[in-house]
Student: 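Just passing along the structure, written as structure tokens.
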Amino acid sequence: MTPLRQRASWKALEDHYAKIKNIHLRQLFAENPKRGQEMAVEALGIYFDYSKNRVTAETIKLLLNLAEEADLRSRIDSMFKGEKINITENRAVLHVALRAPKDQQIFVDGENVVPKVHAVLDKMSQFADRVRNGDWKGHTGKRIRNVVNIGIGGSDLGPVMAYEALRHYSKRDMVFRFVSNIDGTDIAEATRDLDPEETLFIVSSKTFTTLETLTNARTARDWCLKKLKDDNAVAKHFVAVSTNASEVAKFGIDTANMFEFWDWVGGRYSYDSAIGLSLMIAIGPEHFREMLAGFHAMDEHFRTAPFDKNLPVLLGLIGIWYNNFFGAETVAILPYDHYLGRLSAYLQQLDMESNGKHVDLDGNVVDYQTGPIVWGTPGTNGQHAYYQLIHQGTKLIPCDFIGFCQTLNPIPPHHDLLMANFFAQTEALAFGKTADEVRADGVPDFQVPHRTFEGNHPTNTILLDRLTPEALGKLIALYEHKVFVQGTIWHINSFDQWGVELGKVLANRIIPELQAKDEPKLNHDSSTNTLIQRYRKLR
Ligand code: F6P
């Protein structure tokens, strides 16, 4: 395959960028009064307005050519067919199978995996119902009132994000907590007001070897047994979600109480697998299945819609435009819905662990930028914090604004005020306020430069009707596939994460050095040696 920057479509985009990089959104909107309607796509109830981007119809055409030249279509087909596109780990990439309907067939190594997916979903549903209706009792016969998910990365960020997002649909007489950090404060605070007799721990770990999760799980077991004083209690208060049955058994959890998933599900693509068990207990199996239907609808849209009407493709290509041609380093995700408070943390892992790569699929160091830095918090809080920099700073920060027409908490006038800000921000970012307009307001001359807004700051608007389980599924699948589109263009493996390994290995080397009774012989660099010595002295 021709290297990315030598492809005709890439060169065409470079030439085009040189021509239009200074055009202002004011001009683009003035030239075409219908731009706001023409540069919008509606699919699956999601209205995607990309008109407030620094693009013309020509830009979109050239970006679509880039996608064609990268063979995006056949790469999508390869993923959906279960080909082992995660080449460094020799694995298929089939999170789409997690939400496939029962009658669909998806093969890995000659085996249709869809029946296995549904068998686990059924087992989860039965268990979730038993916990929710009080049939599943703790060791002393009390019903379970608290569920604590222990996991980290993909085994935490997805469940906690989705639990927060769908809290409106959750069982309000139960408590749900999520423990991830190896800092003992996390588990201490999560358990301090809970009664072990009424608490169920879900130990979620794809590998079941992750230091943080196993350490927290052992601490949870000690906490539980301190009160219950009987090892048999573990069977009633601990279940596991994993791909690794032998490690689960080694930990002391009966594998009958294990919910399985498979190596073709990446951790950051896993919250709609059994990793979502805590979420399913919270919102109930029916809502969970509605969420899966939302994921599946977006999968089908991504697989079949023409690229110029394909939401993940457009979102991905527009991201490439800023990342690779304008040199933007970050993307802000700005949901105007308080329930989506953990969305950007979730998308950080999804995007940055997937596309934070510096070699391509052939092992060559890339000579172009790959994955962006992802960040953001829900509006309107950010407006009173960092939006200043987006409006008037020196950096170009493309933003995704995500909002809903209906609120789940109708307390007038809150939602109208929220959405007025939502619309106002994309308008202000795009069009700004010229020096003449500022002067016309009677602003003194010395203040004019400070109060001028250059505008021309790009935004996508993603507008949905209402935050339902189905809508959340669509939204998350939209971003999953956006990451896939970008990874395909950059010709990188979006499905491994070797970059997390070195720190783990070094930490394992340092643990005994911190805990040794006698002064250990340290062989690190002079900085690390001194820091360890100081810690040992003061711990
Ligand atoms: O260290 C990174 C990582 O491997 C993530 O990719 C993963 O989501 C997380 O750790 C947790 O892994 P596990 O589910 O195996 O405990």
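For ligands, and for the atoms within them, numbers begin at 1 and follow the listed sequence.
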Student: Suppose we measure from atom 6 (O) of ligand 1 to each protein heavy atom; which comes out shortest, and what is that distance?
Tutor: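 Nearest neighbour among protein heavy atoms for atom 6 (O) of ligand 1, to 0.1 Å: Glu353 OE1, 2.8 Å.
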Student: So, Asp122 and Arg289, do they make that salt bridge, N to O below 4.0 Å?
Tutor: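 Salt bridge flag = yes for Arg289 with Asp122.
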Student: Under 4.0 angstrom from ligand 1, any heavy atom of Gln349?
Tutor: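 It does, in that a heavy atom of Gln349 comes within the 4.0 Å cut-off of ligand 1.
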Student: Would you mind running through ligand 1 and noting each atom that sits below 4.0 Å from a heavy atom of Gly154?
Tutor: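 Ligand 1 atoms under the 4.0 Å threshold to Gly154: 7 (C), 8 (O).
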Student: Using distance alone, determine whether Thr213 and ligand 1 share an N or O pair under 3.5 Å.
Tutor: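 No.
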Student: Considering only non-hydrogen protein atoms, determine which one is nearest to atom 9 (C) of ligand 1 and report residue, atom name and distance to 0.1 Å.
Tutor: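 Result for atom 9 (C) of ligand 1: Ile152 O, 3.6 Å.
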Student: Heavy-atom contacts with Thr210 under 4.0 Å: which atoms of ligand 1 show up? List them by number with element.
Tutor: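 In order of numbering, the contacting atoms are 12 (O), 13 (P), 15 (O), 16 (O).
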Student: Pair Val239, Leu277 - check side chain to side chain contact (heavy atoms under 4.5 Å, CB included), show working.
Tutor: CA-CA 10 Å; Val239 298; Leu277 183 61; 4.1 Å; yes
Student: Tell me whether Lys521 is salt-bridged to Glu513, with the criterion being a basic N under 4.0 Å from an acidic carboxylate O.
Tutor: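 Looking at Lys521 and Glu513, the cut-off is not met.
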Student: Quick test of your reading of the structure: of Gly266, Gly503, Gly153, Ser155, whose heavy atom lies closest to atom 14 (O) of ligand 1?
Tutor: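 When every heavy atom of Gly266, Gly503, Gly153, Ser155 is considered, Ser155 comes closest to atom 14 (O) of ligand 1.
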Student: Run the numbers for me: atoms of ligand 1, each under 4.0 Å from some heavy atom of Lys504, listed by number.
Tutor: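 Contacts of ligand 1 toward Lys504, numbered from 1: 1 (O), 4 (O).
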Student: Should the pair Arg177-Asp193 be classified as a salt bridge under the 4.0 Å nitrogen-to-oxygen rule?
Tutor: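 Between Asp193 and Arg177 there is a salt bridge, with a charged N closer than 4.0 Å to a carboxylate O.
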Student: Output yes when Lys227 and Asp195 qualify as a salt bridge under the 4.0 Å nitrogen-oxygen rule, no when they do not.
Tutor: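 So Lys227 pairs with Asp195 through a salt bridge.
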Student: Heavy atoms only, cut-off 4.0 Å: how does Thr207 contact ligand 1, side chain, backbone, both, or neither?
Tutor: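 Both backbone and side chain.
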Student: Judged by modelled atom types alone, do Asn323 and Tyr368 share a side-chain donor-acceptor pair under 3.5 Å?
Tutor: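 Absent: no donor and acceptor within the cut-off.
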Student: Does the pair Glu353/Arg268 count as a salt bridge with the N-to-O cut at 4.0 Å?
Tutor: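 Salt bridge present between Glu353 and Arg268.
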